[in-house]
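This one's a predicted model, so the numbers in the text were calculated from it and none came from an experiment. By convention in this document, chain letters (A, B, ...) are assigned in the order of the sequence lines, proteins followed by strands, and residues within each chain are numbered from 1.
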Number of protein chains: 2
Amino acid sequence: MTGESLHRPGPMTGPTRAPLSDQVRRILLDHLSRGRWLPGERIVERRVAMELGVSQTPVREALRDLQALQLVELSPNKGTWVRELTPQRLGQVYPVRGALERLAAELAHKQLADRVDVLEEHTARMHAAARAGDVDGQVRHGVAFHREIVEAAGNSVLLPNWESLTIELWTRLSLTRLRTELHDNASDHEPLVEAFRRQDPEAGRLLQLHILGYAHEPIGAS
Amino acid sequence: MTGESLHRPGPMTGPTRAPLSDQVRRILLDHLSRGRWLPGERIVERRVAMELGVSQTPVREALRDLQALQLVELSPNKGTWVRELTPQRLGQVYPVRGALERLAAELAHKQLADRVDVLEEHTARMHAAARAGDVDGQVRHGVAFHREIVEAAGNSVLLPNWESLTIELWTRLSLTRLRTELHDNASDHEPLVEAFRRQDPEAGRLLQLHILGYAHEPIGAS
DNA sequence: CGTTAACCGATGATCGATCATCGCTCAAGG
DNA sequence: CCTTGAGCGATGATCGATCATCGGTTAACG
C-alpha cells in the first residue's frame, strides 16, 4: 500500500495537472488520518521523499502546509513532529468553531432560509449513514452540513479561516485516537434547520450551543 | 535600500540564527506594506531571489507564507500576484475579527480583570502617539491592545487564527492605499477597559461592536 | 568515575541546474 | 482578414548535490 511512486512516465495521458507537492500533501494527510504516523513521532523529509519517489522539495512544501493546519510541528533545523491530539487541544477547537459558525449563521440568515433543502439533504444522508453503521459517511455529511452554513455567509475571510480548522480530519482523529463516540446524529440538526427556515434571530446562537455540545462528547476528556 | 545581499560571509559572528526564508518573508512583508509592489502586480520568484542574493527556494517558501496570510495569490504554474486591497475585502475582515475577539473576551473575562493595567498602558501609549502625530505608534499600540485580549484567552487555536488576520498590516495598507482615516483614538478603548475591570458579562459584545465600528471608517467604502 | 570538548552521522536548509507549462508570436492555410 | 497551431521565451516546479546545524558518541582529562 505504500511505496506508491509518483513518477510520471512518458507523456502522461490526460489532464495531468496537480503539482507534486499537492499530491504529497494529500498522501501525508491520508497517512496522518490513518495513524501511519503517531503523535510525537518524527517525520523525516528525505525518508518520505524516497518512499514516494520524489525529491525533498515537494515533501517539504507539503509539510509546511500541514504545519499551517496545526497537524505537525516544524522546528527550524530540527525537523517535523506529529502534534499530539490531546483532549485539551481538541477542546480548544470547539469554541473557535462555535464563534465562527455563529457569525456565519448570522451573516447568512437570509441565504440559509433559501437553502434549508440542502441542509435537509445532508441531514437525511447523515441519518441514513448512521443507520447503515457508516461512520465515515456520518462524519462527511455532518461536516458538509456545517460547511454549507459557512459558505452561505459568502465571506472570503471567514471561509478559509473555518477550513483551516480542518474539522473533518480532527473529527476522524478524535474518533480513532481518543475513541470518542459519535453522537452527532441527524436529529440534533433538525431544530437548527427549522430555526434557519424561519430566519430565527437566535439561530446563530443555537448553532453555537450545538457546536459547544460536541465538546462534551470525548470520552477521553477527564 | 534594495539589493541588500543576505549572504553570510565567513564564520558570521554572533548568534546567526533565522532561516533565510524567514528573513526573505520579513523583507517581502516590508516591501508589501510600503507599496514596493502594488496590487495586481506580479512577483517573480527568480527576480526577487537574485535581488536578495539568495536562491529561488527560500523566496518560494516565503511567498507560500504570504499566501497563507492572503496577501498574495499563487496560481500553480502561473505565478504570484499581489492581491487587491478592496474596501470589500477589508470589510470582510472586521466581522471575523469581531467574532474572534468577542470569544476571546468571553473566555478571558477573568484573566482580563487582572490585566486592565496592561490594557491601560497600551491605551495611554496610543493616546500619546496620537498627540505626537505618530500614526505608526497608534497602529502598533492599538493592535497590541487587542492582541493582549486574544492572548489572555489562552486558546492555542484562537490565537493563530487571529494572527492570521494580520490586523496590523491590513490597517497600515488601509491607511496608505485606501487613505482611510485613523479614528481609533484611545478614548474609544476606555469603556472597554472599564467593562473588563468589572468583568461585565457584556464586555465581549461591547468589544465586538467596537470592532465593527472600525468598518465604517474607510473613506473608500462607497 | 564524572566532566568536557572534539568528532561525526543524520537531516534540515539552501543552492544551481534542469524539466514542464503557460502565453505569446507569427506564419501557413483557408 | 481570421483561424490555427508550431515555435519560443519566461518562469514556476522539481531535482540532485552541497552546506550547516543538531544531538549523540567518544575519548582525553581530572
Nearest whole angstrom, please: distance from the [atom2] of [N] to the [atom1] of [X].
| X | N | atom1 | atom2 | value |
| --- | --- | --- | --- | --- |
| B/Trp81 | D/dA10 | CH2 | C1' | 12 Å |
| A/Arg64 | D/dT14 | CZ | C1' | 17 Å |
| B/Arg25 | C/dT14 | CZ | P | 12 Å |
| A/Leu20 | D/dA13 | CG | P | 11 Å |
| B/Asn77 | D/dG12 | CG | C1' | 6 Å |
| A/Met50 | C/dG12 | CE | P | 12 Å |

Choosing from C/dA13, C/dC15, D/dG12, which nucleotide comes nearest the side chain of A/Glu45? C/dA13

From the candidates D/dC15, D/dG12, C/dT14, the one with an atom nearest any side-chain atom of B/Pro19 is C/dT14

Is it true that B/Glu61 and A/Arg60 have a side-chain N and a carboxylate O under 4.0 angstrom from each other? yes

If you measure from the Lys or Arg side-chain nitrogens to the Asp or Glu carboxylate oxygens, is any gap between A/Arg102 and B/Glu106 under 4.0 Å? no

In terms of the angle between their ring planes, are A/His189 and A/Phe145 parallel, tilted or perpendicular, with boundaries placed at 30° and 60°? perpendicular

Contact under 4.0 Å: [X] side-chain N or O vs [N] OP1/OP2:
| X | N | answer |
| --- | --- | --- |
| B/Ser21 | C/dA13 | no |
| A/Arg47 | C/dT11 | yes |
| B/Arg42 | D/dG12 | yes |

Which part of the nucleic acid does A/Gln56 contact within heavy-atom distance under 4.0 Å: base, sugar-phosphate only, or nothing? base

Would you classify B/Leu63 as touching base, sugar-phosphate or nothing, given that sugar-phosphate means primed atoms plus P, OP1 and OP2, and contacts are heavy atoms under 4.0 Å? nothing

Where each residue is assigned the nucleotide of DNA chain D containing its nearest heavy atom, which of A/Arg46 and A/Lys78 is assigned the position nearer the 5′ end? A/Arg46

Using heavy-atom distances to pick each residue's nearest nucleotide on DNA chain D, tell me which of A/Pro76 and A/Thr57 is more 5'. A/Thr57

Within the structure provided, determine whether A/Trp37 and A/Val48 are in side-chain contact (heavy-atom separation under 4.5 Å). yes

Taking A/Glu73 for its side chain and A/Trp81 for its backbone only, find out whether a donor-acceptor pair lies under 3.5 Å. no

